Structure formats: C-alpha cells, structure tokens
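This one's a predicted model, so the numbers in the text were calculated from it and none came from an experiment. What you see below is based on every heavy atom in this structure, not just the backbone, and it leaves out hydrogens, waters and symmetry mates.
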Amino acid sequence: MYSKADSRAERVNSIIERRSRYLPNKIATVERGLQARSSTLYSLENYRESLLQENSNSQVLANLKVLDFGDIQERIRSELLVLSKLKSRFSRNTLNIGVIGLMGQGKSTLLKSLSGLTDKEIPAHEGAACTAVRSLVFNKEGAVEVRVIRHSEKTFLEEVIHPYYKSLKIKPEPRTLDEFARASLPAQMPVGATDEAVYKHLRDDYFHNLEQYRHLIVLGVEPHEQVIPVEEVSEYVRQERNSKGELIAFKHLAVREVNIFCPFQNPDVGTIGLVDIPGLGDSKLGDETVMLETLGKAVDVVLFITRPDPQRYQWRKVDTELYDIAAQELNNLAGRAFMVINYSQRTQNLDACKALKDTLQMKVVSCEIADCSNPEDANKVFDRILNYLAEHILEIDEEYARYSQERLLKIQEDIDLIIQAAQEVFSGVDSELSRIIDDQYDDLFGTDQDGWWREITIAFQELRFDFAKRCQLPSTSLESSMDEVYKTCKENAGILTTSEPEVEIKRQIQASNPMKAYADYRDLLRTLLSDHFSHLDEGLKASTEAVKTRVAEILITVGRLGVLVNSLEGSEFIKAFRELLEQEYRDLKRLQQGFQIIDSFELSYSGLIEPQIYQYLVDLSNIQLADEESKDVTLKVGQNTTADLILNALQIDYDRTVARIKAALEELLYQPSTAAYARIEKFIDNIIYHKEAQKEWKKFLRRVRAKVWAEEIGKLEQEQQRQQDWLNNVKLLGEVNRVETIQFLTD
C-alpha cells in the first residue's frame, strides 16, 4: 500500500485522503435513508396498534399479531450512532490520539513533552485536577495559535447544567441563563458523599459564580470560536482554588473546548492531533459525557496513562472502569488502545511500574513504561503509536465500516421481510370489502320498487299532488299578510286617526288655503297607504319560503342529505345544496339545473302587487288625466270650504281607495299558490322525471354514501380506508427501503 520511501507524514496524509472518499455524501445519504425507514416503520407500527383495536376480522387480527417488527428500530438507532461516528471520524483532516487518565496521572506532562508546549498552554501541577477543559493539540508548522470555543447559552445549559439537575433530580431544569440565575437550589445537602460533591460543584462553582463568567457565554444556539494570545490560554483552561477549595478563576466554566496549533517535537508526524480529555474522578458531571463524545468522533487511538504509587500499587477498579467506558464508544478498543505507565524519578516508582505492566489484563496494542516528563521517553512511545497508526488504522476503520455496512444490509433485508408479511395482512379481504360496500350501496339506493329512490320519488309525488290541490286555494301567507295590512290601514290612517283632526286641518287652512290643504292631505294619505301595502312583500317571501321548506324537509328527512350541508334548513339548505353541486359536482348538470330552479323561486311585490295597488292610489293624487275630467269629485274645494268638509272628504277618499285595493288584491290571493305549484312541477320534472335524473342521483350518492349512510356504509368505508392507509404505508416503506439508499461502501 505504501512504498518504503514514503515518510510517515505522507502515509498519514494518504490515510486521511482515503477516508474522505466516503464523504461527504455517501454516509449522509445512508443516514437519511435510515431515518426515513425509522419514521415509516414507526407510522406502520402505530397503524398496526390501531388496527388491532378496531378490526373485527379474525384472519386480519391473526395476520397483524404475527407481524413482527422485532428490534429493528433499536438496530436502526444503533447504526445511526455508528454512522455519526464514522462521518465525524472520516471527515476529519487529522488523525487524533486521545490521552486518557485519572487526574494527576501525568496527562498534561506527556502532552507537553510531545508537543513542546509549556505550562502557559497546558497547565500541570501536583494535587487536584488542573486542566478543566478538553484541549486538542494539532501539529502545524509556524507559531503557536490558540482558538477558544466558548459555550453558547444552549450548549452550556444542555451539556453542563442540565446533567447536574438530572443527577440530583432538581426540577424544573432552567431553559435560559436568567432562569438559572433565579433558580432556587435545594437548601438541604443531598445524602451521600458523591451526590454531596456533585451538588457542591453545581452550587459553589457554577451557580454562585455565574456573574463571574456569564459574559463569556454566547447568547443563542451556536458556540463561538475566538483566537486568543498564547499567554492567556491558562486563564481559559485552568481551574484554580484557594486554600478553602473555592474557585478563584472562572473563565474555564464558560469554555467548551480549546484548540492549540503548534509544531510537534517529532519532525515526522504529519497531520496528527492530540486530544487531552479532562481528568475524571473530581465529581464534575459532564466529564464522562465529554469523554464518550470525544472518543466516538474525535479519536482514532487511545493512550491510557497511569502513574502508580511506589508504596501502594495495583490495578484498581477505577482503571478497568475507565477502560470499559472507553470501550463503549470506540470500536475494537483492543486494536486502538495503548498503555503508558508513568515512571516518576521524583517518587522512584519504577518497581511499581514494572509490577503493573506484568499484571496488566486489559487488552491493548502495547504497554510501555516511560517517563512522561522526559521528551525522549515520551516521543519513543509516540513514535510507536504513530507507526501503528500509519500501518493499521485504515484497516481497522475499514473493517469497522464493513461491519456497519453488513449490518445495514441485514436491516434492509429484514425490513423486506416485514414488507412481505405486511402486504399479506389484508390478503383476500380488501376485494371482499369493496364488493360488500358496492352491494350495500346498490341495495340502499334501490330502484323504482324499493330503496332510497322509491322513497324520494313517492315523497315528491305527494308534494306535487299537495301543491296541485293548493293552487285552487288562496295563499294563506299572503292572506294573513293582507289582514295585517288592512288592520294597520284602519289603525293608522294619518290625519284621520289623530285626536283632533279638524283642529289640525283648520290650522293648515289658515297657513295656506283650503285647496292646498285638501290636496296636501290627499298626498299624505296616498303615501301612507303605499307604505302600508308594501308590507305585503313579507307575505310573498313567506310563501316562497314555505315552498323551499317543504322541499328541504323531504331532502333532509327522506333523502338523508342534511349531513352534507351542516344541517341547515329551508331556503338556506336549498341554497347551500345548490352551491355544493355547482362547486364540487359539476358533471351533474341535471341536478344543478333542478336546484337552480327551486333556489331562484321568488314572488316579487313590485311585479305582482304594486301595479294593482297604484291604479287605485292614483285616485288620491291631484293629477287629473284627460279622460277623467268628468269623473265625480268627492269635494270641490273653494276659498270658503271648511275643515269639517275637508275631513269628511278625506275619510271618503281613504275608505274608497282601501276598499278598491282590497277587492283587486283578492284576485291575487291565488297567484302565489299557482306560481308555487308551477315551480314545484318544474323542479320535480328536472330532479325526478327527467331521463338523466336517476342516473345523476346515483352518481352523486355514490360519492357521498359514507356520510348519507354512516352506519350502513360509513363504517365499512372507514375500514376500507384503514386498509388502504395500511397498504400505502407498506408501499412507502418499500420505496424508502431501496438497497442503494443504504450502501456507502463500494467494492
């Protein structure tokens, strides 16, 4: 794969280039494919549960119960995590070595020896944990460059604060920094040393000191990266405490990560990164989460470091637990792990180091004893790791990817089996249900002999006969309206029904003259009668409304059509049903025409009654037509005509006009009934007797049958729709389960 002439740096670059072939699109495409499968499977599983509750067919229930989704969703979730790690790992432009160890074991010292950095960039001191922030050190020619990534409000709360709340079971979790600042932490210390230490970190470090570091946290969602001078690094990564254990430096609390770029001591390194993961064991929640996330995505091999006590040396439970934690996130840890046992000349722990090496049971590539403070020793270890990386890491990664690809293909095959079984759930049932629904509809609609069609035909025949008889009778609505008008004419006759009519007329004569007074009062009486008789329009409207109400009652009760237009009645139902036909059933022209006929039925006062009234109201006008010159005049008014004579004449004029109008309108009382009968005949001819009527009704009712016959057909169609929805979901699962959407490796 490599020639002997290739430098290690060239081989490292070749590995990074080969990794990048998998990206950016292939793994991302597979992730989307898996997410689509998971979503569709979730919908199908939910639908299965509802069908088990709602279906009564024993065969269908049996088919649903044997349908096994198994652990497919958990397998998909697991592979999505693997792909996320692969994508992060393969998209990096460096090979990274993670340095892991409990606090005080010499991690920072080793990193300084390898990178050539000093305490300014990587602080290390005896005692408590000093480095409080994850640091990544990258080999890069040129001057040292430091980039600090500060927490956003979102990442600070989710990654730092919420883990404390969850661990200590404190509620509610703060959604903003303001809420955290105003929080009421429990006054009582939790029971147990571990929980007590965790609580103190939350309260004493993060809560009480919030205002000391809050200004460094970025408002919003995304963290913020900034370049800082080398001499300021310690301020951002180091935690310092006074003799009481209280923090006296605070910037590190707002820092998510620090990236340092510098030329390494070893000249043949290439694009290598060292990842300093904060020491565990100091009760700081989030450390383990940070370590797991780092191992899964940001690390290629792991260098464990431990420094044994010269007096009490043995592998501790915490050492194996640390190894097991790493194994959760880093595949094939035995092929990726190195162990350095830190020899300290100051403590003279060489015998302890040898004893630990001899008793090591954790599986690692190699275990070395080295003085981490000695750059020569440290770089010898580093050299071996680099050689191993250059020779083996690509093989390990590709093996990991192949295993993932094989599992993905097995998922695809198992989903195909689910699809095959799901397609058979309603085998033979769907066609049977369709036939049952069609047969049921044919029976319900019926023929001339039975069913809906016979009932609606009979109902409209009876309506037709009823209106045929009514056309020989006066309109009760108009007659009632006329009686009201005549009563009004009697009770309100203007000057004639005032308390002292003669006095008023006399005053009017004095104000003008008898001729003008008489003429003016006749005009007033004429106008008054015109207003009174205009109320007959209400009677005409009542007549037409009665017609539409009778039609609507049949369509709602016998025809069962009220459910289609929000249970309206009368003319409102007719209008709404007509609009429904015109907007949604445009092919049913005959029904549209029929309902247009009945909806537009109106009797006009201005066209029917007003002409009859005004031929008599004109007698109260002061206009005398040529052929009326010889007509008898009630009163010939002169300068000496008195008020009582004018009052008597006005009464005669008024009563005579009302009587003449009443006689004329009696002839019109039959016209609304005749018009109603004519309109009913025309309506029924169009929707019942026309040759296309029955066919159009059958088309229409077939489309709305589930609403009209909710019990008889609606439930069956709901069941049919559930079956169709199930099959649509199964079909969709088949579409998203194409094998090409799950392959990211090619031969």
Side-chain angles (χ1 to χ4, degrees), residues 7-20 23 85 87-100 107-124 131 133-150 223-234 236-238 255-278 290-291 293-303 305 330 336 338 372 375 378-379 381-390 393-394 397:
S7 68
R8 187 165 53 209
E10 288 171 335
R11 283 182 284 168
V12 168
N13 289 336
S14 176
I15 291 169
I16 294 170
E17 189 279 328
R18 186 164 175 178
R19 277 178 162 184
S20 67
L23 295 168
K85 295 174 189 176
K87 187 168 66 172
S88 296
R89 191 177 297 169
F90 290 172
S91 61
R92 278 191 277 108
N93 57 8
T94 61
L95 294 183
N96 291 347
I97 301 169
V99 184
I100 298 179
K107 292 196 312 343
S108 298
T109 300
L110 177 65
L111 289 169
K112 286 187 290 187
S113 295
L114 296 176
S115 64
L117 297 174
T118 67
D119 279 347
K120 287 193 303 183
E121 300 88 12
I122 305 177
T131 306
V133 175
R134 177 176 59 185
S135 299
L136 284 78
V137 184
F138 299 103
N139 179 41
K140 182 182 178 183
E141 294 299 322
V144 177
E145 180 183 341
V146 181
R147 298 176 187 171
V148 170
I149 300 173
R150 304 200 319 262
H224 174 72
E225 180 179 283
Q226 70 177 103
V227 177
I228 63 169
V230 173
E231 55 270 18
E232 294 182 12
V233 175
S234 181
Y236 286 92
V237 301
R238 182 176 178 178
V255 178
R256 195 183 194 210
E257 181 178 286
V258 171
N259 294 332
I260 304 173
F261 301 87
C262 66
F264 281 16
Q265 296 292 299
N266 192 321
D268 189 19
V269 171
T271 49
I272 290 292
L274 296 172
V275 183
D276 178 14
I277 303 172
V290 168
M291 188 180 80
E293 179 186 349
T294 304
L295 288 172
K297 298 181 179 180
V299 164
D300 297 294
V301 295
V302 175
L303 178 57
I305 183 169
L330 204 57
R336 296 178 184 270
F338 295 82
C372 293
N379 274 286
V381 174
F382 192 35
D383 212 42
R384 294 189 187 98
I385 296 174
L386 291 174
N387 285 334
Y388 182 83
L389 266 174
I393 195 63
L394 190 59
D397 280 341

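Separation of atoms CG (Leu394) and CZ (Arg11) is listed at 12.5 Å; rounding is to 0.5 Å. In this structure, CG on Leu117 lies 9.5 Å from NZ on Lys112, to the nearest 0.5 angstrom.
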Criterion side-chain contact (heavy atoms from CB on, under 4.5 Å) on Val275 and Val99, from CA distance to verdict: CA-CA 6 Å; Val275 183; Val99 184; over 6 Å; no
CA sep, side-chain torsions, deciding dist, call: Arg384, Phe338, side-chain contact (heavy atoms from CB on, under 4.5 Å): CA-CA 10 Å; Arg384 294 189 187 98; Phe338 295 82; 5.7 Å; no
Val269/Leu386 under side-chain contact (heavy atoms from CB on, under 4.5 Å): CA gap, chis, key distance, verdict: CA-CA 7 Å; Val269 171; Leu386 291 174; 4.1 Å; yes
Worked check of side-chain contact (heavy atoms from CB on, under 4.5 Å) between Ile272 and Thr94: CA-CA 5 Å; Ile272 290 292; Thr94 61; over 6 Å; no
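Of all heavy-atom pairs spanning Leu330 and Val299, the tightest one is CD1-O, 3.8 Å. Considering all non-hydrogen atoms of both residues, Ala390 and Ile15 come closest at O-CD1, 3.6 Å. Between Ser113 and Cys372, the shortest heavy-atom distance links the atoms OG-O, 2.6 Å. Between Ser115 and Cys262, the shortest heavy-atom distance links the atoms O-SG, 3.8 Å. The nearest pair of heavy atoms linking Leu114 to Ala378 is CD2-O, 3.3 Å.
A 4.5 Å side-chain heavy-atom check between Glu232 and Pro229 finds at least one atom pair inside the cut-off. For the pair Phe138/Ile260, no side-chain contact is recorded, criterion being any heavy-atom separation below 4.5 Å from C-beta on. By the 4.5 Å heavy-atom criterion applied to side chains, Ile393 and Val301 are counted as neighbours. Considering only heavy atoms from C-beta on, Val255 stays 4.5 Å or farther from Ile149 through its side chain. At a threshold of 4.5 Å between non-hydrogen side-chain atoms, the residues Glu257 and Leu136 count as touching. Put simply, the side chain of Asp300 reaches to within 4.5 Å of the side chain of Arg89, judged on heavy atoms.
For Lys140, the salt bridge (Lys or Arg N to Asp or Glu O under 4.0 Å) partners are Glu145, not counting sequence neighbours. Every residue two or more places apart in sequence or in another chain was checked for a salt bridge (Lys or Arg N to Asp or Glu O under 4.0 Å) with Arg150, and none qualifies.
Looking only at distances, a side-chain donor or acceptor of Ser91 sits under 3.5 Å from a matching main-chain atom of Lys87. The main-chain N or O of Ala298 is found under 3.5 Å from a side-chain atom of Asn96 such that the two form a donor-acceptor pair. Using modelled atom types, one side-chain atom of Asn13 and one backbone atom of Ala9 make a donor-acceptor pair closer than 3.5 Å. One N or O on the side chain of Arg92 and one on the backbone of Lys297 form a donor-acceptor pair closer than 3.5 Å.
Remark: Asp276 engages Lys107 in a salt bridge, criterion side-chain N to carboxylate O under 4.0 Å. We find that Asp397 and Arg336 are joined by a salt bridge, their nearest charged nitrogen and carboxylate oxygen being less than 4.0 Å apart.
Judged purely by distance below 3.5 Å, without hydrogens or angles, the side chains of Asn93 and Thr271 never pair a donor atom with an acceptor atom.
Other residues, nucleotides and ligands contribute over 12 non-hydrogen atoms within 6.0 Å of the CD atom of Glu17.
Taking the six-membered ring for Trp and thresholds of 30 and 60 degrees, Phe264 and Phe382 have ring planes inclined between 30 and 60 degrees apart.
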